[in-house]
Amino acid sequence: MCSSPAPFLMSTMFPILETSLVACSVLMSLPGGANCCREDLREPWVPRNRMPQGWRLRGSRGHGERLILIFSSRYSRLRQWNTLYLCGTDEYGTATETKAMEEGLTPQEICDKYHVIHADIYRWFNISFDIFGRTTTSQQTEITQDIFQRLWNRGFVLQDTVEQLRCERCARFLADRFVEGVCPFCGYEEARGDQCDKCGKLINAVELKKPQCKVCRSCPVVRSSRHLFLDLPKLEDRLEEWLGKTVPGSDWTPNARFIIRSWLRDGLKPRCITRDLKWGTPVPLEGFEDKVFYVWFDATFGYISITANYTDQWEKWWKNPEQVNLYQFMAKDNVPFHGLVFPCSALGAEDNYTLVSHLIATGTLEDWTRNIPRE
Ligand SMILES: *[C@@H]1O[C@H](CO)[C@@H](O)[C@H](O)[C@H]1NC(C)=O
Ligand SMILES: *[C@@H]1O[C@H](CO)[C@@H](O)[C@H](O)[C@H]1NC(C)=O
Ligand SMILES: *[C@@H]1O[C@H](CO)[C@@H](O)[C@H](O)[C@H]1NC(C)=O
């Protein structure tokens, strides 16, 4: 039996403009590195084996993680484990910038407005977070820039030039979803900058015929822009080594293992981590003053910065890989960011970060309940 109760840290993150939960994580610290209570601690995290017979859950992406989190936090509190339950909104990116433009507000005003709406919703559901944080904080900037600097100094960041569509009237580069045009493959007139809804083919936005800016309908021009790339191929060996130590015997779900395996099988490619936007974490590098980090480079660091905004003891959770077990729950489309990009960034930064020990991915809830053994 376990003598000292293990402190828990739980965190959740929501994209500011969506109401569905994208991912959440739970940090579990074992004082002194003891794992005597491992079996006890496992209990709340494997609800699928313990769900009462005949339970059917219905819902879309996101609800599964939320349910697990509510059960888990209540359970660990009931057991009187030291629990810190964090939640937050992930606020940067193009979607926020565009919504702000539509509503005639600044991105910060939009985030302030929606952050309160989110907080009210969860209060209404009686989900009692210890802290409801956000990614637009000074801690997010400091931690992201620090991780980036460390990656840069260690040669894990590359530079390259990319051709992009720029709308001169709106005076900005257009994210793929803000371009429409004629599909170069099937001629469909309303193809998007990333994909054609008719033939389903992936499209490179600069290949669209008769491209139009979705906001002002004028014709964008092709311009080149310098960007930074995380050198994932160079980090692949470390990732493999870490996965080899972490995944066997863990609670990584089969779909999470499969998704990571298939990315590795196809070979990792350098991944662009900057965007020509104003709304985001500034890039601390000469020549990149008018760019920000891609929201998916720094969103996962939000778990760390929200903890840092809550307590100056955050390093006890986040730079303590031997004594902290990190559980992360998410929809399966977020597996690459949590199971691959985030670990590669943290491994490359060489700063003793706590990495995910157990990655639990849900599909839709339908996929998820299908895995529940029915005795
Ligand atoms: C909300 O949760 C608190 C603490 O868990 C409980 O005391 C209260 O009765 C709950 N309220 C509702 C409406 O469920
Ligand atoms: C946490 O972030 C908010 C929002 O940026 C800020 O107002 C507050 O001062 C921060 N708290 C700490 C302790 O840094
Ligand atoms: C990393 O953290 C562990 C505690 O989890 C500690 O024992 C170890 O010394 C740290 N390593 C480095 C390189 O700081």
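Source: prediction; values computed, not measured. In listed order, ligands and their atoms are each counted from 1.
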| field | Nearest protein heavy atom with distance in Å, relative to atom 7 (O) of ligand 3 | value | Glu322 OE1, 3.2 Å
| Can you tell which part of Arg134 has a heavy atom less than 4.0 Å from ligand 2: side chain, backbone, both or neither? | neither
| field | Option nearest atom 3 (C) of ligand 2 (shortest heavy-atom distance, choices Asn309, Asp112, Asp312) | value | Asn309
| said: Check for me whether the distance between the ring centres of His338 and Tyr303 falls short of 6.0 Å. | reply: yes
| Which atoms of ligand 2 have any heavy atom of Thr136 under 4.0 Å away? | 5 (O)
| Of Asp298, Val295, Thr136, which meets side-chain contact (heavy atoms from CB on, under 4.5 Å) against Asp90? | Val295
| said: Would you say that more than 12 heavy atoms from the other residues, nucleotides or ligands in this model lie under 6.0 Å from the NZ of Lys278, or not? | reply: no
| Could any protein non-hydrogen atom be found less than 4.0 Å from atom 9 (O) of ligand 3? | no
| said: With heavy-atom distances below 4.5 Å as the criterion, would you say the side chains of Thr274 and Phe297 are in contact? | reply: no
| request: Give yes if a backbone or side-chain nitrogen or oxygen of Thr137 is under 3.5 Å from a nitrogen or oxygen of ligand 2, and no if not. | output: no
| field | Closest to atom 5 (O) of ligand 3 among Asn320, Asp351, Thr354, Asn352 (heavy-atom distance) | value | Asn320
| message | Give me the residue, atom name and distance of the protein heavy atom closest to atom 14 (O) of ligand 2. | response | Gln139 NE2, 2.7 Å
| query | Between Trp296 and Phe337, what is the ring plane arrangement, given parallel below 30°, perpendicular above 60°, and tilted in between? | reply | parallel
| task | Return yes when atom CD of Gln149 has more than 12 non-hydrogen atoms of other residues, nucleotides or ligands closer than 6.0 Å, and no otherwise. | result | yes
